[in-house]
**Student:** 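Sending over a structure as structure tokens; questions will come in a sec.
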Amino acid sequence: MARLYRGMRDFLPRQMISREEIQEKIRKIFRRWGYVPIETPAIELLDTLHGKYGSDADKLIYKLEHSDGLGLRYDLTVPLARVIALYDQQLPKPFRRYQIQPVWRAERAQKQKGRFREFVQCDVDIIGTESPIADAEILAISAEILTDLGLRDFKILINHRQILRGLVHISGFASDDEFSVLRSIDKWDKIGKDGVREELAKKGFERKSIDKIFELISVDDTNWNLLSDMSKIGDERVKAGVDNIRRILEYLASLGFGQDIVEFSPRMARGLDYYTGAIFETILPELPDMGSLTGGGRYDELIGLFSGKGKIPACGTTIGLDRILSAMEELKMFPDSHTYTKVLVAQFSAQLSSSALIFSQKLRSVNIPTEMFPEPKKLAKQFAYANKWNIPFVVLIGEDEAKQELCVLKDMKTGRQRTVSQNQAIRILAETLNSK
RNA sequence: GUGGGUGUAGCUCAAUUGGUUAGAGUGCUGGACUGUGGAUCCGGAGGUUGGCGGUUCGACCCCGCUCACCCACCCCA
């Protein structure tokens, strides 16, 4: 029987049209900022994939049975790091690249929350610069894309791995336990303060350390006062992180994005191991269960793991296409487009099929997406077809019209129709369709 | 992977304490209407009630197993 593996999806035309349109908008913005595309294979060596994301995440990598040591890529950042290491000299720095491709994760899929086992990521990264301008640029691009797609009420959460490391350190945790602690803290908004406390206790950490870190991050006003307070703690890494965030925000303001869309979130940690500096994600406060729409940060040491030639700084983010689409679906933001076709040329009879073909080709030559009905079926069927696919116009060339180079032009929305010359019909269609 | 819930037509749902041939809406399709759709009317197709087994004279309904989906945990875009 026909079945679909959990977490996988088929896309029918209606969804596919939205996917393509949104992808086009994202691509356009990437290009406007000077980013160039790359693609990498779905299959990578497990050696490439393992040990970059964290021990939990390694379990979520799909392994291939065909041969030892192969797996499906888990994100686009690690393949990028591999590419940089391999083609370093051919890619002048700073190197700005975008990449739009699917990734696979062997986790429990939940459609309504926008979680899938196969999903498309749209990544933008800047390689080869430590400048906070790069971080600010990545944030500006994220904000521009979400705004362009009509998701106005997003919030960018920002934090810093250096701050987190410093806090974990001065609370008395061992540096080996850093990720474990951070991952629990990351769940704050989900399971609450007590939940985090419970989980840390269960992991066997000392009461004193837990109390200390809670004191440092559990302040209720999650914003800029807090950031100032952090720099007074007296830890160098924390202070460096705070200064770095401040500079990023200054540059971001110069790019036209003010602090109203950004929030300092000292508990946001992000799950992946490779981040070293600023980390960020965007969420929609309206849809708290949806998770993040975009997520990224600075990873200055990842590429070095591949090249072995010391560190190459890098910073980037993922625009979660599928998350965005899920969110837009929840918010009922989709235009009701079923097809790209704007005009259906009906076929009156087999004898008149050539007039219809000639006319349809004229429409295409002026860039009007046109399809012709392939069989001389009853006109009622042909009009019903146009209606079902939401094709806005139908053109009919019957016996009477053909003699005088005329046609019937019908607007399917209003139901109104008129008989005009064929050239006039083309002019009218070109005008009304282009003005939209 | 662990725990909880749900499975009836393509979709949304009915079906008396376990009782004869499992229905309706919607959608699909053909016609009323051989130069006109979204309205109306008439007809048609579509089901091993998720699957296998058990209890019973008799199971959509009860029991066991299994599968799928949903929710929670884990994890993230």
Side-chain angles (χ1 to χ4, degrees), chain A residues 1-7 12 26 53-61 74-77 100-123 142 146 179 183-184 186-187 190-191 195 198-199 202 268-273 279-284 287 289-297 316-327 344 346-349 352 373 376-402 407-419:
Chain A
M1 271 309 285
R3 294 203 307 133
L4 201 54
Y5 173 55
R6 189 195 182 108
L12 299 185
I26 294 172
Y53 306 108
S55 56
D56 288 342
D58 279 359
K59 291 181 219 146
L60 301 178
I61 295 170
Y74 183 86
D75 73 353
L76 301 179
T77 307
I100 300 177
Q101 288 192 276
V103 303
W104 294 268
R105 292 182 190 179
E107 64 181 318
R108 194 86 179 165
Q110 268 172 260
K111 205 171 145 192
Q112 281 217 323
K113 296 192 174 178
R115 295 169 48 174
F116 309 98
R117 286 176 173 162
E118 176 183 64
F119 57 97
V120 171
Q121 296 196 325
C122 311
D123 272 37
S142 311
L146 293 178
F179 290 127
R183 217 158 286 153
S184 295
D186 200 13
K187 291 178 200 158
K190 207 169 186 180
I191 62 178
E198 204 174 302
E199 188 172 308
K202 226 158 106 191
M268 189 266 291
R270 299 198 54 72
L272 303 177
D273 278 7
I279 48 179
F280 25 80
E281 55 187 48
T282 56
I283 54 159
L284 291 176
L287 299 177
D289 289 338
M290 188 56 78
S292 50
L293 302 187
T294 79
T317 192
T318 296
I319 310 292
L321 179 74
D322 287 289
R323 273 289 163 76
I324 289 173
L325 283 157
S326 294
L344 174 74
Q347 186 176 172
F348 185 77
S349 66
L352 287 167
F373 204 88
K377 281 201 185 177
K378 279 187 172 180
L379 288 177
K381 301 276 173 233
Q382 303 191 42
F383 278 93
Y385 169 83
N387 202 44
K388 276 172 204 154
W389 283 100
N390 257 9
I391 299 171
F393 294 97
V394 174
V395 167
L396 176 65
I397 303 173
E399 272 166 9
D400 304 336
E401 292 82 11
C407 68
V408 174
L409 173 60
K410 176 157 179 159
D411 182 330
M412 293 301 283
K413 211 167 181 182
T414 62
R416 245 176 282 159
Q417 67 177 52
R418 48 182 163 162
T419 303

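Residue numbering restarts at 1 for every chain, and letters A, B, ... go by the order of the sequence lines. As the structure is a computational prediction, the values presented were derived from the model and not from experiment.
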**Student:** Tell me if the side-chain of A/R183 makes a donor-acceptor pair with the base of B/rC75, cut-off 3.5 Å, by modelled atom types.
**Tutor:** no
**Student:** Would you say A/K388 places a side-chain N or O within less than 4.0 Å of OP1 or OP2 belonging to B/rU29?
**Tutor:** yes
**Student:** Decide side-chain hydrogen bond (donor to acceptor under 3.5 Å, both in side chains) for A/T294 and A/S142; before the verdict, give the C-alpha distance in whole Å, the side-chain angles of both, and the deciding distance to 0.1 Å.
**Tutor:** CA-CA 7 Å; A/T294 79; A/S142 311; 4.5 Å; no
**Student:** Given that both distances must come in under 3.5 Å, which nucleotide forms a Watson-Crick or G-U wobble pair with B/rA68?
**Tutor:** B/rU6
**Student:** Determine the contact category for A/Q121: base if any of its heavy atoms lies under 4.0 Å from a base atom, sugar-phosphate if only primed atoms, P, OP1 or OP2 are that close, otherwise nothing.
**Tutor:** sugar-phosphate
**Student:** Could you tell me which non-hydrogen atom of A/E118 sits nearest to which non-hydrogen atom of A/W104, and how far apart they are?
**Tutor:** OE2-NE1, 2.9 Å
**Student:** Counting side-chain heavy atoms from CB outward, which of B/rC76, B/rC75, B/rG35 is closest to A/D400?
**Tutor:** B/rG35
**Student:** Salt bridge or not for A/R117 and A/E107, using N-O below 4.0 Å?
**Tutor:** no
**Student:** For nucleotides B/rG50 and B/rU12, find the distance between their P atoms and express it as a whole number of Å.
**Tutor:** 14 Å
**Student:** So which nucleotide from B/rC74, B/rA77, B/rA32 ends up closest to the side chain of A/E199?
**Tutor:** B/rC74
**Student:** Would you mind reading off the distance between A/Q382 atom CD and B/rU36 atom C1', rounded to a whole angstrom?
**Tutor:** 10 Å
**Student:** Partner lookup for B/rC41, please. Criteria are Watson-Crick or G-U wobble with both distances under 3.5 angstrom; report none if nothing qualifies.
**Tutor:** B/rG31
**Student:** Should A/K413 be listed as having a side-chain N or O under 4.0 Å from OP1 or OP2 of B/rG38?
**Tutor:** no
**Student:** OP1 or OP2 of B/rC75 versus the side-chain N and O atoms of A/R270: is any pair under 4.0 Å?
**Tutor:** no
**Student:** Among the candidates B/rG35, B/rG37, B/rC75, find the nucleotide nearest to the side-chain atoms of A/L396.
**Tutor:** B/rG35
**Student:** Apply the side-chain hydrogen bond (donor to acceptor under 3.5 Å, both in side chains) test between A/Y53 and each candidate in A/D58, A/T77, A/D75; give the one that qualifies.
**Tutor:** A/D75
**Student:** Quick one: label A/F348 by what it contacts on the DNA or RNA (base, sugar-phosphate, nothing), any heavy atom closer than 4.0 Å.
**Tutor:** base
**Student:** Between A/R418 and A/D411, is the closest basic N to carboxylate O distance under 4.0 Å?
**Tutor:** no
**Student:** Partner lookup for B/rC62, please. Criteria are Watson-Crick or G-U wobble with both distances under 3.5 angstrom; report none if nothing qualifies.
**Tutor:** B/rG54
**Student:** Counting only side-chain heavy atoms from C-beta out, which of B/rU36, B/rU34, B/rC74 sits nearest to A/K378?
**Tutor:** B/rU34
**Student:** Spell out yes or no: do the side chain of A/K410 and the base of B/rG37 have one donor N/O and one acceptor N/O closer than 3.5 Å?
**Tutor:** yes
**Student:** Taking the minimum atom-to-atom distance to the side chain of A/L379, which one of B/rC76, B/rU36, B/rC28 wins?
**Tutor:** B/rU36
**Student:** Side-chain N or O of A/K381 versus OP1/OP2 of B/rC28: is the shortest distance under 4.0 Å?
**Tutor:** no
